[in-house]
Enquirer: 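Take a look at this one; I'll ask things after.
Computed over heavy atoms, backbone and side chain alike; hydrogens, waters and symmetry mates excluded.
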Amino acid sequence: MSRRALVGAPAVVVAAALAGVIWFFVAGNVGDPTPVTAPPITSEPTATTGTTAETSVTTATHAKEEEAGGDGDAEAPPTEPAAEPTGAEDTEEAPEEESSEEETVQSGDVVELELSEGTEARFSIYEDLRGEPFTVVGVTTEVVGRVRVDPSDLSRSQMGQILINARTFATDSGNRDRAIRGPILAAEQHEFITFSPTGITGLSGAAEAGREYSFSVVGDLTVREITRTVTFTVVARWDAEGRLQGSASTTVLRSDFELGVPSVPFVANVADEVGLELAFIAAPAGLG
């Protein structure tokens, strides 16, 4: 082997290592988090109040007007009895208006809550660090979302989309944070991890302050434009101030979302399973 080759080989190795280090740090540089507000809850309640009653009243009115008009043609001058259908019509409309008003009051009891200060999204994953078992925990408070609750009937609860800012996850290591935000989550290009709920099961009854409720929320979790259906187990408590507090947890696989881990010295055997948790406080909209 020539002297030039002997000198050149180490230089290539050093250059490659330096390029890798530069890539690692540059890839982890992301922009400031984009301020966002919680997306609105777009799904409509199953019962549409007011519409059916209003349509029934209108239809009944038209029918009686046609009947009254027909009687007027049969009888010559409009006499006192001809005015009776109008009085009967007014008497029949009154109960419908009372019923509609009652339904409006009931729907007004529904409250909308927003994730507020004190809410955290976390992930945890096992790895071997310098030959010792270690659990990495990443945390961010950059989480937004809404929930709609009827305290008198919790089975009517609805959830909006939840957004988690991937640029803001922090662990116990700056180097690890750069790897998570950069090559792992590509947070510069895919800033938000989203969870779009599609169903709530096991939640019913009326809200009672201090009581603990356990239920499940299924939905679509999207990470780096890859979407998988996941189910969160939720434990929540309704407090005396009208807030909902609790936690939601599930386990997903890195491989399902094609989340590779860069080869880093001293780190080995990174698990495929990732624990996800949302510790939440949801307060009345505008008061969080």
Enquirer: Are D128 and F134 close enough that some pair of their side-chain heavy atoms sits under 4.5 Å apart?
Expert: no
Enquirer: Test your reading of the model: is there a side-chain donor-acceptor pair from R167 to the backbone of D32, 3.5 Å cut-off?
Expert: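 At least one qualifying donor-acceptor pair exists.
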Enquirer: Could you tell me whether the side chain of S204 and the main chain of S155 form a donor-acceptor pair under 3.5 Å?
Expert: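 Side chain of S204 to backbone of S155, a donor-acceptor pair under 3.5 Å: no, none is there.
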Enquirer: Quick check against the 3.5 Å criterion: does D272 have a side-chain atom that pairs as donor or acceptor with the backbone of S255?
Expert: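 Checked: pair present.
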Enquirer: Is it the case that atom CD in E225 sees more than 12 heavy atoms from other parts of the structure closer than 6.0 Å?
Expert: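 Not buried by this count: 12 neighbours or fewer within 6.0 Å.
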Enquirer: Could you walk me through whether V217 and F195 pass the side chain to side chain contact (heavy atoms under 4.5 Å, CB included) check?
Expert: CA-CA 10 Å; V217 178; F195 177 68; 3.9 Å; yes
Enquirer: Decide whether L278 and L203 are clustered together by the hydrophobic rule: side chain heavy atoms of Ile, Leu, Val, Met, Phe, Trp, Tyr closer than 4.5 Å, transitively.
Expert: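 Yes, it is one cluster - the side chains of L278 and L203 are joined through contacts under 4.5 Å.
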Enquirer: Under 4.5 Å between side-chain heavy atoms, counting indirect links through other Ile/Leu/Val/Met/Phe/Trp/Tyr residues: same cluster for F192 and I184 or not?
Expert: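 No, it is not one cluster - the side chains of F192 and I184 are not joined through contacts under 4.5 Å.
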Enquirer: Quick check on the hydrophobic clustering: are V144 and L221 connected, directly or via other members, by side-chain heavy-atom contacts under 4.5 Å?
Expert: no
Enquirer: Considering only heavy atoms from C-beta outward, does the side chain of F280 approach that of V147 to under 4.5 Å?
Expert: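 Answer no - side chains too far apart.
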Enquirer: Using side chain to side chain donor-acceptor pair (under 3.5 Å) as the criterion, list what pairs up with T227, not counting sequence neighbours.
Expert: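 Counting only residues at least two positions away or on another chain, T227 forms a side chain to side chain donor-acceptor pair (under 3.5 Å) with T222.
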Enquirer: Is the shortest side-chain heavy-atom distance between L185 and F169 below 4.5 Å?
Expert: yes
Enquirer: Can you confirm whether L163 sits close enough to P39 that some side-chain heavy atom of one is under 4.5 Å from a side-chain heavy atom of the other?
Expert: yes
Enquirer: Sequence neighbours left out, what passes salt bridge (charged side-chain N to carboxylate O under 4.0 Å, His left out) with E112? Give chain and number order.
Expert: R146, R148
Enquirer: Evaluate the side chain to side chain contact (heavy atoms under 4.5 Å, CB included) criterion for residues E191 and N165: first the C-alpha distance (whole Å), next the side-chain angles of each, then the deciding distance (0.1 Å), finally the verdict.
Expert: CA-CA 6 Å; E191 184 173 3; N165 197 306; 2.8 Å; yes
Enquirer: F123 vs V137, test: side chain to side chain contact (heavy atoms under 4.5 Å, CB included). Steps then yes/no.
Expert: CA-CA 6 Å; F123 72 82; V137 178; over 6 Å; no
Enquirer: Identify, with sequence neighbours excluded, every residue that meets side chain to side chain donor-acceptor pair (under 3.5 Å) alongside T233.
Expert: none
Enquirer: When you look at I125 and V261, which way does the side chain to side chain contact (heavy atoms under 4.5 Å, CB included) test go after all the steps?
Expert: CA-CA 12 Å; I125 186 170; V261 177; 5.6 Å; no
Enquirer: Is any side-chain heavy atom of R224 closer than 4.5 Å to a side-chain heavy atom of F257?
Expert: no
Enquirer: Please round to the nearest 0.5 Å and tell me the distance separating atom CG of L154 and atom CZ of F215.
Expert: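 It is 8.5 Å, given to the nearest 0.5 Å.
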Enquirer: Starting from Y126, can I reach V274 by hopping between I/L/V/M/F/W/Y residues whose side chains sit under 4.5 Å apart?
Expert: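 No.
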Enquirer: Backbone N or O of G31 within a donor-acceptor pair of the E188 side chain at under 3.5 Å?
Expert: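 Judged by distance alone, yes, a pair lies under 3.5 Å.
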Enquirer: Which value, rounded to the nearest 0.5 Å, describes the distance between S157 atom OG and I200 atom CD1?
Expert: 5.5 Å
Enquirer: Which heavy atom in A248 sits nearest to a heavy atom in V234, and how many Å separate them?
Expert: CB-CG2, 3.8 Å
Enquirer: Restricting to non-hydrogen atoms, name the atom on Y213 and the atom on A206 that form the minimum distance, rounded to 0.1 Å.
Expert: OH-O, 2.8 Å
Enquirer: Within the structure provided, determine whether V252 and L276 are in side-chain contact (heavy-atom separation under 4.5 Å).
Expert: yes
Enquirer: How about S249 and E277: does a side-chain donor come under 3.5 Å of a side-chain acceptor?
Expert: no
Enquirer: Is it true that a side-chain atom of S214 and a backbone atom of V235 form a donor plus acceptor pair closer than 3.5 Å?
Expert: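 Here the side-chain-to-backbone pair does not exist.
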Enquirer: Out of curiosity, F232 CZ to S216 OG, how far, rounded to the nearest 0.5 Å?
Expert: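 Separation between the atoms: 11.5 Å.
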Enquirer: Please check: side-chain N/O of R243 versus main-chain N/O of L113, any donor-acceptor pairing under 3.5 Å?
Expert: no
Enquirer: Where is the tightest heavy-atom contact between G145 and A38, given as atom of each residue plus distance?
Expert: N-CB, 3.5 Å
Enquirer: Look only at the side chain of R228 and the backbone of D256, and say whether a donor-acceptor pair between them is shorter than 3.5 Å.
Expert: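 Indeed, once roles are kept as given, a pair shorter than 3.5 Å links the two residues.
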Enquirer: Taking atom CD1 of I164 and atom CG of L115, what is their separation to the nearest 0.5 Å?
Expert: 9.5 Å
Enquirer: About how many Å separate CG of D220 and CD of Q161, when rounded to the nearest 0.5 Å?
Expert: 10.0 Å
Enquirer: Would you name the heavy atoms of G242 and P284 that are closest together and state the gap between them?
Expert: O-CD, 3.9 Å
Enquirer: So does A271 get a backbone contact from the side chain of R254, meaning a donor-acceptor N/O pair under 3.5 Å?
Expert: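 Side chain of R254 to backbone of A271, a donor-acceptor pair under 3.5 Å: yes, one is there.
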Enquirer: Quick check: do L253 and E273 have side-chain heavy atoms less than 4.5 Å from each other?
Expert: yes
Enquirer: Check whether Q158 reaches the backbone of I41 with its side chain - one donor and one acceptor, N or O, closer than 3.5 Å.
Expert: no
Enquirer: If you take all heavy atoms of T119 and I281, which pair is closest and at what distance?
Expert: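 Nearest pair, atom of T119 first, then I281: OG1-N, 3.1 Å.
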Enquirer: Find out whether V218 and T231 are in side-chain contact, i.e. whether some heavy atom of one side chain is under 4.5 Å from a heavy atom of the other.
Expert: yes
Enquirer: To the nearest 0.5 Å, what is the distance between CG (N269) and CD (E127)?
Expert: 10.0 Å
